Amino acid sequence: MDPIRRVRKAVIPVAGNGTRFLPATKAMPKEMLTVVDRPVVQYALDEAREAGIEHIVFVTGRNKQAIQDHFDDAPELISSLSRSGKTAQVSELEAMLPAAGTVSFTRQQAPLGLGHAVWCARDLIGNEPFALLLPDMICHGPRGCMAGLIDLYNFAGGNVVGVEQCPPEETYKYGIVGKGDAVPHGFEVTGMVEKPRAGEAPSNYFLNGRYILQPEIFDLLARQERGAGNEIQLTDSMLHLSKNQRFHAHPYEGQTFDCGSKQGFIEANVALALSRPDIGGMVFESVRHMVLTHESRIQAA
Ligand code: G1P
């Protein structure tokens, strides 16, 4: 087995249009929608940092300037907060600021699919393994999902994907993997298919938007024909790569919320708010009251 090379860089694709959240996303990137009190994209960056990633490559597009500004310094704001004695807010803003030179931005000019977005990062990644985090998917648990992928990668090398189980009738929403032999922190992947119909999926383990990939994926993406949804699909190139390289899956022990859908976005807000020590108790009381009132309204109707 080749020596296992450290994963230093991560790609976060943020070029999508966010049509499902119009009109909220008319003038604002969908990745800047707020879950509790931070933008969706911040969760992916924090998860990558927690897993030891040193450099983030954002693949952006038109009208995404707010993401760049969010991860930049804000000297006027900091001095105004400092003058008013808001030290907690100053510390929080300072802690979230990536160190100079540790974030890069490149653009995906046309919306040709996830595979194409990842391919756009090839020069900035170079010839080394990299992590990929889809920011729409917010992983919530005692530990970030990427840290678990790194555990499995440090044991097995090759390529690693994050997975979770979905109801069998929902496989058409995701990439699905086949389940092979167990290994520490996960299992061998025996196949991959993008958005299979119910009954045609190899299992109910779906790709939850967390990956560690070897750089050979880029040559395959360059030649990848369009697949599901007439888009260049990452899953199709991963399937090709799996003919020559190892692929393992790490089942996430927490829960992933699909913030690309309205339901997932609202669930993420409620779940993350409930888990917050500062507001969790109040939110629990509000949600309980709302559910009880709603239930009695339904019963009375
Ligand atoms: C993409 C991937 C899919 C994965 C999903 C997770 O699909 O192609 O394999 O399961 O992200 O969110 P998309 O959501 O872009 O349609």
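As the structure is a computational prediction, the values presented were derived from the model and not from experiment. When a ligand or atom number is given, it counts from 1 through the structure's own listing order.
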Using a distance threshold of 4.0 Å (strictly less than), state whether atom 15 (O) of ligand 1 has a protein heavy-atom neighbour.
no
For atom 10 (O) of ligand 1, is there a protein heavy atom at a distance under 4.0 Å?
yes
Could you check whether atom CD of Q263 has more than 12 heavy atoms from other residues, nucleotides or ligands sitting under 6.0 Å from it?
no
Salt bridge check, E128 against K9: does any charged N sit closer than 4.0 Å to a carboxylate O?
yes
For L207, atoms of ligand 1 separated by under 4.0 Å from a heavy atom:
4 (C), 6 (C), 9 (O), 10 (O)
Quick check: Y174 and ligand 1, any N/O pair under 3.5 Å apart?
no
Between R38 and E92 (salt bridge meaning N to carboxylate O under 4.0 Å), is one present in this structure?
yes
Between the side chains of R246 and E188, is the shortest nitrogen-to-carboxylate-oxygen separation below 4.0 Å, so that they form an ion pair?
no
Under 3.5 Å: N/O of K195 near N/O of ligand 1
yes
Heavy-atom gap T235 to ligand 1 smaller than 4.0 Å
yes
From L124, V41, T106, residue fulfilling side-chain contact (heavy atoms from CB on, under 4.5 Å) relative to F58
V41
Distance-only donor-acceptor check, side chains Q233 and Q224, under 3.5 Å
no
For D258 and ligand 1, answer yes if some heavy atom of the residue is under 4.0 Å from a ligand atom, otherwise no.
no
Atoms of ligand 1 under 4.0 Å from any heavy atom of Q233, numbered from 1 in the order shown, are 8 (O)
Suppose I only count heavy atoms of M137 and a 4.0 Å limit; which atoms of ligand 1 are within that range?
6 (C), 12 (O)
